[in-house]
Each structure stands twice: as structure tokens, then as C-alpha cells.
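Below, all heavy atoms of this structure are taken into account, side chains as well, without hydrogens, waters or symmetry copies.
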Amino acid sequence: TTLRLVLRNHWLTEAPHLRGLITVPMFTASNVDVLHGTGLAASWLDVPLRSAPTVSLSTAGSTLDLDAPSPIDFELDGDPAHAGWHYFLAASVTGQSPGTVLPGGVLPLVVDPLTEVFGMLVWSPELAGFFGTLDQSGCARARLDLSGTAMLPLALAGRRLTFAAWVRPEFGDLTGRPSTAVDVLLR
């Protein structure tokens, strides 16, 4: 049996410590052995369960160089049941949690001023495909291309841009569902 987890770089502290959420350094690839047993011989994982989105967002580019930004291509993959649905790809610099509640689900990013700027520039060539209609396979492609801009502020180094899409069957109605989120490290 294989259990695939999406891990974030957060720790949840509990009693006897103060309850809180702590950001920790980036994870590196690792394996966890879960052993069957009872008492002290047993292993366990305490993970929240979420329903799996039926639309996924992915990118091969996980970093963006601030001094010479290269284009980042995104793929939005659904299924044929989503063919003809409308989508918009949103961005945030404040992360995925707690997310933004929309009719039908939670978009896994926090709306912030960057989200609003991207929304205003959605028709610009720098944000090609950030708004559109899914093809007959329920898929779409988008590209973030900041290569024509001057050097981005180095103060952003180490921050993450979070991207997620919202797909909906009707253009004028926001009722829909979220994609998975993708983080891009600024360096």
C-alpha cells in the first residue's frame, strides 16, 4: 500500500507546549516507515484528510530568479467532465493557508495585494493563459513570463509565490472547485 502525502514546512505544536504553527526549513526527500504493531511498537501518522481535487495545477519550474526571471509554464489538468469550464489562475505571496472560501470550495491560497495585481493584469502578455476555458480534455496551459521586466526586488528572496486555479462551469457564476496549489521559490 502506498500513501502519498503533500507536506508543508510547518509543525503543529501541542501540549505540553503552547499550541501553535511553526515554519521550519524546507523538507528534503525522505521516506517514512510505518510499522504495524501495538503499544510502543506501533507507528502512527496524524494527518488531516482532504478530498482530492479533481483538477491539478503543476509546473516544472519551482524557482524564479529575481535578477533574471525565466518564464514558468503551468499545466492545469482536469478530466473531460470539465471540458468547456472556465478558469482563472491566481497568485499570492502570503501562502496557501487558510485559503480563500469561494462558492463550492476553498481556493488554496490567501488573497493579498499580489492576487489583486495579477487579477488586473490577467490579459497582459506576462500572464498568458491565466484566464480562459478548459479544452476538450479539461486541460489548459498558462505562462508567467517576467523575463521582459527589470530585475525584481531582491528583498523578495526566500519568499514563495503560491499559484492555484479556480474552475467553474458558468462564466458569470463563481460556483466551482479549486485546483491543487503550486509554490514557486523566489531566489
Side-chain angles (χ1 to χ4, degrees), residues 4 6-10 48-66 69-150 152-153 156 158-187:
R4 189 169 58 180
V6 176
L7 300 176
R8 305 287 302 161
N9 59 331
H10 296 114
L49 296 177
R50 296 183 194 166
S51 60
T54 56
V55 179
S56 64
L57 180 66
S58 62
T59 182
S62 60
T63 61
L64 181 67
D65 291 321
L66 295 171
S70 297
I72 297 177
D73 293 314
F74 295 93
E75 291 187 17
L76 189 57
D77 294 319
D79 55 43
H82 294 104
W85 282 37
H86 307 283
Y87 72 91
F88 63 88
L89 185 57
S92 171
V93 75
T94 51
Q96 295 184 20
S97 185
T100 302
V101 177
L102 292 170
V106 177
L107 183 66
L109 61 72
V110 178
V111 173
D112 60 21
L114 180 68
T115 313
E116 295 175 13
V117 169
F118 270 54
M120 289 184 287
L121 299 174
V122 73
W123 299 112
S124 71
E126 290 82 9
L127 303 179
F130 270 59
F131 185 83
T133 304
L134 300 176
D135 67 16
Q136 68 273 12
S137 300
C139 300
R141 296 185 188 278
R143 174 174 263 208
L144 173 66
D145 188 356
L146 301 177
S147 60
T149 62
L152 298 170
L156 295 173
R159 302 287 307 257
R160 294 185 176 282
L161 293 180
T162 299
F163 296 90
W166 187 255
V167 297
R168 59 196 192 279
E170 299 295 326
F171 184 74
D173 184 4
L174 275 180
T175 303
R177 60 182 51 142
S179 73
T180 54
V182 169
D183 284 336
V184 174
L185 177 67
L186 300 173
R187 60 179 185 170

For residues 99-119, which residue pairs qualify under side chain to side chain donor-acceptor pair (under 3.5 Å), counting only residues two or more places apart or in two chains?
Ser92-Asp112, Thr94-Asp112, Asp112-Thr115
I would like to know whether Leu134 and Val167 meet side-chain contact (heavy atoms from CB on, under 4.5 Å); could you show each step before the answer?
CA-CA 9 Å; Leu134 300 176; Val167 297; 4.1 Å; yes
Applying salt bridge (Lys or Arg N to Asp or Glu O under 4.0 Å), can you list everything that pairs with Arg141, at least two apart in sequence or on another chain?
Glu75
Check salt bridge (Lys or Arg N to Asp or Glu O under 4.0 Å) between Asp173 and all other residues, then give those that pass, not counting sequence neighbours.
none
Provide the closest heavy-atom pair for [X] versus [Y] in the form atom of the first, atom of the second, distance.
X	Y	answer
Phe131	Arg168	CE1-NH2, 4.1 Å
Leu57	Ser179	CB-OG, 3.7 Å
Asp145	Pro71	OD1-CG, 3.5 Å
Gly99	Val110	N-CG2, 4.2 Å
Ala164	Leu107	CB-CD1, 3.8 Å
Phe130	Ala142	CD1-CB, 3.9 Å

For Phe163, check ring-ring contact (aromatic ring centres under 6.0 Å, His included) against everything at least two apart and list the hits.
Phe74
Could you give the distance from [atom1] ([X]) to [atom2] ([Y]), rounded to the nearest 0.5 Å?
X	Y	atom1	atom2	result
Thr59	Asp183	OG1	CG	11.5 Å
Glu126	Thr149	CD	OG1	7.5 Å
His82	Gln136	NE2	CD	15.0 Å
Leu109	Ser97	CG	OG	11.0 Å

Below 3.5 Å, can you tabulate the donor-acceptor pairs from side chains in residues 83-90 to any protein atom, sequence neighbours excluded?
unit_1	atom_1	unit_2	atom_2	d
His86	ND1	Thr133	OG1	3.3
Tyr87	OH	Gly129	O	2.7

Please check this pair: side chain of Arg159 against backbone of Val93, looking for a donor-acceptor N/O pair closer than 3.5 Å.
yes
Could you tell me whether a side-chain N or O of Asp135 sits under 3.5 Å from a main-chain N or O of Cys139, the two making a donor and an acceptor?
yes
May I ask you to test the Leu64-Ile72 pair for a side-chain heavy-atom distance under 4.5 Å?
yes
I'd like to check Phe118 versus Leu144 (side-chain heavy atoms, cut-off strictly below 4.5 Å). Are they in contact?
yes
Using side-chain contact (heavy atoms from CB on, under 4.5 Å) as the criterion, list what pairs up with Thr63, not counting sequence neighbours.
Leu185, Arg187
